[in-house]
2 protein chains.
Amino acid sequence: MHVDIKHIQELIKEKDLKVTPQRIGVLEAVYTLHNHPTAEQIIDFIHNKYPSIAIGTVYKTLDTFVKYGVINKVLTEGEVTRYDGVLKHHHHLYNEGNNEIKDYVNEELDEMLKTFFEKNAIEDYQISSITLHISVKSLNNNSNK
Amino acid sequence: MHVDIKHIQELIKEKDLKVTPQRIGVLEAVYTLHNHPTAEQIIDFIHNKYPSIAIGTVYKTLDTFVKYGVINKVLTEGEVTRYDGVLKHHHHLYNEGNNEIKDYVNEELDEMLKTFFEKNAIEDYQISSITLHISVKSLNNNSNK
DNA sequence: ATTCTTGCAAAGCATTTGCACCCTG
DNA sequence: CAGGGTGCAAATGCTTTGCAAGAAT
């Protein structure tokens, strides 16, 4: 998967953050590694293109991006933190076989949920978003794909 | 909330685990602290009743319970691990204001989701469970309750 | 020029581990 | 009494922090 650096620079600038090689590298890594990478995976990826970037900088950059809504953290069962560059609303498929997390997009489902909770409001709360965590098993014995 | 020790002992025995004061204490803590406690909260609770229990033992016991399905881990955004003693299927309300996680049970919703995914199967996967992560804001300025 | 960002290395903290001893079944 | 469970303390590993030096606007 190829990633457009120009586009990355714009995303950073849009949030009034300074555009630095480190930030470009981190965001490029998150997009390229698209499968909910850990900080460690991001650091490994970056070390090819920008060999001298500091680990602390990667952590700080990831925090900044999450804070400014450039990326999100993924919900996990207390393992290492994983990040997600896909901002469009989506759900997650947790593959029990190989521990992978895949995105699942379904607008019809979102529409149905929206309607449901309009009719069945939760007392005292206003809903800001609903994300499904769908645990699945592969039907093929092939644990990848 | 009062918790029945007899019942706790049975739950442990059912899994062919040895019933020890440490295990009883840990499970008692998870049930009493019912609000998705961290290991630290569990340790604090236990230290009243069983002052000399080791921290490492609590971690080992929690791992064992998760492994044998006595309790579950809760999905979080990479913070400390939280545990959940409620085994009945339920969803989670993430209160953005105070970072609390509450249970949300709605069988009609579950029924609707089941029907939806019967009609809209996910290619190559079999669904084992669906949990909603509902981000909410309190409507009262009162951030508790 | 000013403010924000980076690099580095040390510190922090939750969790894990190894092993001798102990207790449950 | 046999096998698993516990306590302890050290070790691990992810992540954060503080600050001087550097870079972006």
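Just so we're on the same page: letters track the sequence lines, and every chain starts at 1. In this text, all values refer to a predicted model and were calculated from it rather than measured experimentally. As a basis for the values below, the full set of heavy atoms in this structure was taken, side chains included, without hydrogen atoms, waters or symmetry mates.
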Provide, to the nearest angstrom, the distance between the CZ atom belonging to B:Phe65 and the P atom belonging to C:dT15.
17 Å
Is it true that A:Lys6 and A:Glu10 have a side-chain N and a carboxylate O under 4.0 angstrom from each other?
no
Going by distance alone, is a donor N or O of one side chain under 3.5 Å from an acceptor N or O of the other, for B:Ser138 and A:Asp124?
no
Quick one: on DNA chain C, does B:Val80 or A:Gly56 contact a more 5' nucleotide (nearest heavy atom)?
A:Gly56
Counting any heavy atom closer than 4.0 Å, what does A:Thr81 reach on the DNA or RNA strands: base, sugar-phosphate only, or nothing?
sugar-phosphate
Are B:Lys73 and A:Glu79 within salt-bridge range, i.e. N to O under 4.0 Å?
no
Expressed in angstrom and rounded to an integer, what is the separation of B:Asp63 atom CG from C:dA14 atom P?
16 Å
Expressed in angstrom and rounded to an integer, what is the separation of B:Lys73 atom NZ from C:dA14 atom P?
15 Å
Would you kindly give the CG-to-P distance between A:Asp16 and C:dT3, to the nearest whole Å?
16 Å
Do A:His90 and A:Asn106 have a side chain donor and acceptor closer than 3.5 Å?
no
Reading DNA chain D from 5' to 3', where do the contacts with chain A start and stop? Cut-off is 4.0 Å to heavy atoms.
D:dC14 to D:dT25
Rounding to an integer number of Å, can you tell me how far A:Arg23 CZ sits from C:dT5 C1'?
6 Å
Show your reasoning for whether side-chain contact (heavy atoms from CB on, under 4.5 Å) applies to B:Val105 and B:Lys88.
CA-CA 9 Å; B:Val105 175; B:Lys88 177 177 173 162; 4.2 Å; yes
Among A:His133, A:His36, A:Lys102, find the one that has a side-chain hydrogen bond (donor to acceptor under 3.5 Å, both in side chains) with A:His92.
A:His36
Gap separating the CD atom of B:Gln9 from the CG atom of B:Leu17, nearest 0.5 angstrom
13.5 Å
For the pair made of OH in B:Tyr59 and C1' in C:dT17, what is the distance, rounded to whole Å?
14 Å
B:His47: which residues meet the ring pair (Phe, Tyr, Trp, His ring centres under 6.0 Å) condition with it, sequence neighbours left out?
none
Nucleic acid footprint by protein, nucleotides 19-25 of chain C - heavy-atom cut-off 4.0 Å, B for base, S for sugar-phosphate alone:
B----BS
Check this for me, if you would: do A:Lys114 and A:Glu107 make a salt bridge, where the nitrogen-to-carboxylate-oxygen distance has to be below 4.0 angstrom?
no
